[in-house]
Structure formats: structure tokens, C-alpha cells
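Heads up: the structure comes next, in C-alpha cells.
Numbering of residues begins at 1 and proceeds along the displayed sequence. One-based numbering, in listed order, for ligands and for the atoms of each.
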Amino acid sequence: MSVGVRRRFVVLISGQGTNMQAIVNHCCSESLCADVVAVVSSRMNAPGIDWAVSQGIPTEIVVSADYSSRESFDEALAASIDKFAPDYVLLAGFMRVLTPGFVKHYQGRLINIHPSLLPAFPGLHTHQQALVRGVRVHGCTVHFVTALLDHGPIIAQGVVAVADSDTPQSLAAKVLAVEHYVYGQVAEWLSKGLVSLTEDQRVNVSGVAQRIFFGGHHE
Ligand code: GAR
């Protein structure tokens, strides 16, 4: 990727797509050198798809029930994505576990947001897990995707305080608000070509020392 070229993002969703909307809006409002060139959904009726259509963004739907194996689904998914020649593929609430072959195909270009401070609470029901364990801080992580679920080099994290009165729903809302900010920032860094991986598989963001964001200050 050379300097001055507009970066192409394909965003993968399965539901509301509010993170996708935050990325699209950030790309527009900050006049970033990047475009969301397509939104791909793993669910037929994902509300995020309607929003993308309303913005004039090309959309694709790839549903697992139409495929006999995870491999064939991932091949079809990759074919849909690659039509748009993305520089980066951003998973934004994409609720499918991807095969190692898919992850390898997009090595260094595949990014995910997870609703916890990894490595704590991989998998599902992260807000419930956080409340059960009584942690006082919770949040989200944007990371490169590796074959191991919810692992991979950490690009940025967003942090929220946990209150005694929090429920999984209230905590999810707090975390989602900071997610939108963090993913927008990461999209900006990617668009400027600032993000790289070191030999020991850690992230470097050129010129950016602080890659933690605190919820409550950005909404
Ligand atoms: C977000 O909280 C995201 O972190 C989470 O799903 C939600 C999607 O919201 N992702 C995962 O749990 C991935 N394992 P959105 O569709 O409104 O962006």
C-alpha cells in the first residue's frame, strides 16, 4: 500500500452493525483516506444491511445454511469480499468462527472487535462473565485475527468502569459506546498506513503512543 492511495475497507457484520456505522461515519467526517467499499452480512435480515443500503454502500449476504461445510462457507465469503479488493477486512459484530484457511488468506489484513479486555473473557456472553467475576474494569479490544479465537495482536483497547448496579445490558451499552470510538480510531490509523506488526507479533502504531481509550469521555 503506497502513501496517498485510498484504503479500501470491507466490513463484515451479523446484526445491528453499529460499529460498522461508526466506521463509515468516521471515514466520512474526518475526510479519511479510506472508504468502506462493501458491507457483507452472515445474516439475511441483519439491520446493518438496511443502513448500508440507505448509504449507497454495496452489500453482500452470505448465509451459512446455504453451504455444507465451514470451509465452503468461508470460500464463498472470501469470494464475496475479494470482489471488492479490500486492503483491510474489518469484523464488526461478525458472529462466525472463521476457518484457519480464511484467516491465513487475510493474514495481516483481518481485524476484529471483541467486547472484553482480552485476554480476559474470550467467547460469548462477555458482559455476563465480567459481572460474575466481579471485575471493576471492562471494555473492548480491537485486534488482528489469528486462527485462535479472540486472540491475536492487540491494536487498541477501550475501558469502562463497572458499577455495582450494572446489568449485562447496561454494561453492554457502556462498552458499545466506547467500541464505536475505538474502532473509528483504529480505522483512521489503518487508513493512514500507521499500523504494523513487529517480528514478535506485537502491534506498532507509528507516532501513536497511547492506544487505550476511556469510556464516558467520547460520547
Ligand atoms: C459488539 O459489541 C461487538 O463487539 C460484538 O458484537 C456486538 C456487535 O454490535 N462482537 C462479538 O461479540 C464478536 N465475538 P454491532 O453489530 O452493533 O456493531
At less than 3.5 Å, what protein N or O atoms come close to the N or O atoms of ligand 1? Include the distances to 0.1 Å.
| residue | atom | partner | partner atom | Å |
| --- | --- | --- | --- | --- |
| ligand 1 | 2 (O) | E179 | OE1 | 3.2 |
| ligand 1 | 2 (O) | E179 | OE2 | 2.8 |
| ligand 1 | 4 (O) | E179 | OE1 | 2.7 |
| ligand 1 | 4 (O) | E179 | OE2 | 3.3 |
| ligand 1 | 16 (O) | G17 | N | 2.8 |
| ligand 1 | 17 (O) | T18 | N | 2.9 |
| ligand 1 | 17 (O) | T18 | OG1 | 2.5 |
| ligand 1 | 18 (O) | T18 | N | 3.4 |
| ligand 1 | 18 (O) | N19 | N | 2.9 |
| ligand 1 | 18 (O) | N19 | ND2 | 2.9 |

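Checking side-chain atoms of D166 against main-chain N and O of A163 turns up a donor-acceptor pair under 3.5 Å.
Sorted by first and then second residue, the side chain to side chain donor-acceptor pair (under 3.5 Å) pairs involving residues 130-145 (not counting sequence neighbours) are N112-H143, H127-H138, R136-D164, T141-Q157. Every pair passing side chain to side chain donor-acceptor pair (under 3.5 Å) that includes a residue from residues 50-62 is listed here, sequence neighbours excluded: E60-S80, E60-K83.
By the criterion of side-chain heavy atoms lying less than 4.5 angstrom apart, applied directly or through intervening Ile, Leu, Val, Met, Phe, Trp or Tyr residues, V24 is grouped together with W189 in one hydrophobic cluster.
When the ring pair (Phe, Tyr, Trp, His ring centres under 6.0 Å) test is applied to F84, no partner is found at least two apart in sequence or on another chain.
No salt bridge links D87 with R7; every basic N to acidic carboxylate O contact stays at or beyond 4.0 Å.
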